[in-house]
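Reviewing the structure listed below.
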Amino acid sequence: MRLPLTRKSARRSVPVVLALGVAFASAAAVEAGTGHDPASHAVQTGSVTAAAVDLTDPHKKDIAMQLVSSAENSSLDWRAQYKYIEDIGDGRGYTAGIIGFCSGTGDMLELVQLYTDREPGNVLAKYLPALKKVNGSDSHKGLDPNFTKDWRKAASDKVFQQAQDDERDRVYFNPAVNQAKKDGLRALGQFIYYDAIVMHGPGSDGDSFGGIRAAAMKKAKTPAQGGNEVTYLNAFLDARKVAMKHEEAHSDTSRVDTEQRVFLKAGNLDLDPPLHWKVYGDSYSIEK
C-alpha cells in the first residue's frame with residue numbers, strides 16, 4: 001500500500017543544486033567505467049584510516065535505491081516506480097517517477113525537457129509549455145486530464161527510464177555522494193546524505209540539505225576535519241529530524257529513527273548486508 005506521507009517532494013527548484021558547488025567528475029568517471037575516484041579509496045576518521053566503500057559501486061548504489069524506495073514508495077522495487085504519478089496534496093502538484101519529480105518544483109520540467117531533447121515528439125513533449133507555467137505552484141492547468149495517462153505510457157519507454165535515472169543522479173545522487181566523500185564519509189554516510197537531499201532538496205536554507213549539513217557541522221566535525229564519523233552522523237541525523245518536523249508531511253521521522261539510525265548504532269558504516277529496518281511501521285530486509 002502506498003501511503004501519501006511516505007512521499008516527500010520537499011525539494012526546491014532544480015537550479016539550486018548549483019549552490020552546492022560540488023564537482024561531478026569522479027562520479028562521472030565511475031559511471032564511464034574508469035573506476036572509483038582514487039581520492040575515495042581511503043578516508044581519515046580521526047586518527048584511523050579506513051578503506052572506503054563508494055556508494056557508486058553498482059551493488060551499493062542499488063541498495064541505496066532500495067532503501068530510499070522503501071520510504072518513498074513502500075516497496076523495495078524502485079524500478080517499478082518509473083510509472084508512478086499522483087498528486088499527494090502537498091502543494092507541489094504532481095509527484096512522479098523513481099525519485100518523486102514534481103510539477104511544482106522544476107525537476108519534472110527538467111526531466112521532460114531532457115526526455116524531449118533525446119526523443120523529440122515523445123508523448124510528454126506537448127506538456128512542456130504547461131509544465132513551465134505550473135512550475136512553482138500546485139496547479140494542474142494544461143496537464144489534466146491526460147497527463148497521468150501519458151506519463152504511464154512514457155514510463156514503458158527505455159529512453160524515458162534512462163532520463164529518469166540520469167536526472168536522479170545529476171540532481172540528487174551525485175551531489176550527495178560527492179559531498180559525503182569530501183566530508184570523509186563511507187557508504188552509510190553517503191546514503192544518509194542522499195536520502196536527505198531527496199527529501200529536503202539541495203538548497204542552502206535551514207530546511208534544505210545544505211542547511212542541515214551546516215547545522216550538523218556546528219555540533220560535530222566531519223571525519224575530513226578530524227572528527228569521529230559516528231558522532232558526526234548522529235549530529236547530522238539530529239539536525240535532519242529538526243528540519244523534518246518543520247513540515248507536517250515529514251513529521252514521521254521513522255526513516256531516520258528505525259532505518260538510518262539502526263545501521264549507525266550497529267556500526268555498519270559500509271552499509272553491508274544483511275540489512276533489516278522499518279519505515280512507517282513496515283519491515284524490510286536486504287539479505288545480500
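Counting begins at 1 with the first residue of the sequence.
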| said: So, taking the atom named CD in Gln113 and the one named CD in Glu167, what distance separates them when rounded to the nearest 0.5 Å? | reply: 10.5 Å
| query | Applying salt bridge (Lys or Arg N to Asp or Glu O under 4.0 Å), which residue pairs with at least one partner in residues 153-162 are found, sequence neighbours left out? | reply | none
| task | Indicate the atoms forming the closest heavy-atom contact of Val279 with Ser70, along with that distance. | result | CG2-OG, 3.8 Å
| said: Checking Tyr284 against Ser75 for the side chain to side chain contact (heavy atoms under 4.5 Å, CB included) test, could you report, in this order, the C-alpha distance in whole Å, the side-chain angles of both residues, the deciding distance, and whether it holds? | reply: CA-CA 9 Å; Tyr284 300 93; Ser75 169; 6.0 Å; no
| Any donor and acceptor pair, going by atom type alone, linking the side chain of Gln190 with main-chain N or O of Lys181 inside 3.5 Å? | no
| request: State which residues pass side chain to side chain donor-acceptor pair (under 3.5 Å) with Lys241; sequence neighbours excluded, sorted by chain then number. | output: Asp257
| Do Ser208 and His200 meet the criterion of a side-chain donor-acceptor pair at a distance under 3.5 Å? | no
| request: Kindly determine whether Leu124 and Thr116 satisfy side chain to side chain contact (heavy atoms under 4.5 Å, CB included), including the steps that lead there. | output: CA-CA 8 Å; Leu124 297 180; Thr116 303; 5.8 Å; no
| task | Report yes if some heavy atom in the side chain of Glu259 is under 4.5 Å from a heavy atom in the side chain of Phe191; otherwise report no. | result | yes
| Taking all non-hydrogen atoms of both residues, which atom of Ile197 and which atom of Pro175 are closest, and how far apart? | CD1-CB, 4.3 Å
| query | Are any of the side-chain heavy atoms of Val256 and Met244 separated by less than 4.5 Å? | reply | yes
| request: Kindly indicate whether the side chain of Thr222, heavy atoms from C-beta on, has any atom under 4.5 Å from the side chain of Leu185. | output: no
| note | Heavy-atom nearest pair, Ala220 first then Ala235, reads CB-CB, 4.0 Å
| said: With heavy-atom distances below 4.5 Å as the criterion, would you say the side chains of Val242 and Asp207 are in contact? | reply: no
| query | Between Tyr193 and Phe209, how do the two ring planes meet: parallel, tilted or perpendicular, split at 30° and 60°? | reply | perpendicular
| request: Only pairs at least two apart or in different chains count here, so list each salt bridge (Lys or Arg N to Asp or Glu O under 4.0 Å) that has a residue in residues 120-140. | output: Lys126-Asp150
| request: Take Asp165 and Tyr82, measure what side chain to side chain donor-acceptor pair (under 3.5 Å) needs, and give me the verdict at the end. | output: CA-CA 9 Å; Asp165 289 350; Tyr82 291 114; 2.9 Å; yes
| Are any side-chain N or O atoms of Thr258 and backbone N or O atoms of Lys278, one a donor and one an acceptor, separated by less than 3.5 Å? | yes
| query | Which heavy atom in Gly184 sits nearest to a heavy atom in Pro223, and how many Å separate them? | reply | O-CB, 3.5 Å
| task | Evaluate the side-chain proximity of Phe263 to Leu269: yes if any heavy-atom separation is below 4.5 Å, no if none is. | result | no
| said: If you apply the rule side chain to side chain contact (heavy atoms under 4.5 Å, CB included), what do you find for Asp169 with Gln164, and how did you get there? | reply: CA-CA 9 Å; Asp169 289 352; Gln164 289 197 38; over 6 Å; no
| message | What I'd like to find out is whether the side chain of Tyr172 reaches to under 4.5 Å of the side chain of Met199, using heavy atoms alone. | response | no
| Is the shortest side-chain N to carboxylate O distance from Asp183 to Arg213 below 4.0 Å? | yes
| request: Test Arg118 against Asp166 for salt bridge (charged side-chain N to carboxylate O under 4.0 Å, His left out), laying out the working first. | output: CA-CA 12 Å; Arg118 294 178 177 180; Asp166 291 346; 2.8 Å; yes
| field | Nearest heavy-atom neighbours spanning Asp107 and Cys102 | value | OD1-N, 2.8 Å
| Do the side chains of Leu131 and Ser103 get nearer than 4.5 Å, heavy atoms only? | yes
| query | Quick one: do Asp195 and Arg240 make a salt bridge, cutoff under 4.0 Å? | reply | yes
| said: Can you confirm whether Thr95 sits close enough to Tyr84 that some side-chain heavy atom of one is under 4.5 Å from a side-chain heavy atom of the other? | reply: yes
| message | Using the rule given for side chain to side chain contact (heavy atoms under 4.5 Å, CB included), can you reason through Val177 versus Thr56, listing the C-alpha separation, both sets of side-chain angles and the distance that settles it, and then say yes or no? | response | CA-CA 8 Å; Val177 171; Thr56 57; 4.2 Å; yes
| query | With sequence neighbours left out, what residues match Phe160 under ring-ring contact (aromatic ring centres under 6.0 Å, His included)? | reply | Tyr115, Trp151
| field | Salt-bridge present (Lys60, Asp272; N to O < 4.0 Å) | value | yes
| message | Name the residue from Gln81, Arg79, Arg168 that meets the side-chain contact (heavy atoms from CB on, under 4.5 Å) definition with Met65. | response | Arg168
| query | Are Val159 and Leu114 connected, step by step, through hydrophobic side chains (Ile, Leu, Val, Met, Phe, Trp, Tyr) whose heavy atoms are closer than 4.5 Å? | reply | no
| said: Under a 4.0 Å threshold between the charged nitrogen and the carboxylate oxygen, would Arg255 count as salt-bridged to Glu72? | reply: yes
| remark: Applying side-chain contact (heavy atoms from CB on, under 4.5 Å) to Asn234 and not counting sequence neighbours gives Val230, Arg261, Leu264
Under 3.5 Å donor-acceptor pairs involving side-chain atoms of residues 141-148, not counting sequence neighbours:
residue, atom, partner, partner atom, Å
Asp144, OD1, Tyr94, OH, 2.5
Asp144, OD2, His140, ND1, 3.0

| said: What's the separation between atom CD1 in Ile212 and atom CZ in Phe236, rounded to the nearest 0.5 Å? | reply: 5.5 Å
| message | Working to the nearest 0.5 angstrom, can you tell me the gap between Asn135 CG and Glu110 CD? | response | 8.5 Å
| request: Check Leu233 against Gly189 and note the closest heavy-atom contact, atom names and distance. | output: CD2-CA, 3.8 Å
| query | Applying the 4.5 Å side-chain criterion to the ILVMFWY set and letting contacts propagate, would Leu76 and Leu271 be lumped into a single cluster? | reply | yes
| query | In Å, rounded to the nearest 0.5 Å, how long is the span from NZ of Lys219 to OG1 of Thr231? | reply | 14.0 Å
| field | Cation-pi geometry met for Lys221 and Tyr232 (6.0 Å, 45°) | value | no
| field | Ionic contact status for Lys245 with Asp252, cut-off 4.0 Å | value | no
| Atom pair CG/CG of Asp270 and Asn268 - distance to nearest 0.5 Å | 7.0 Å
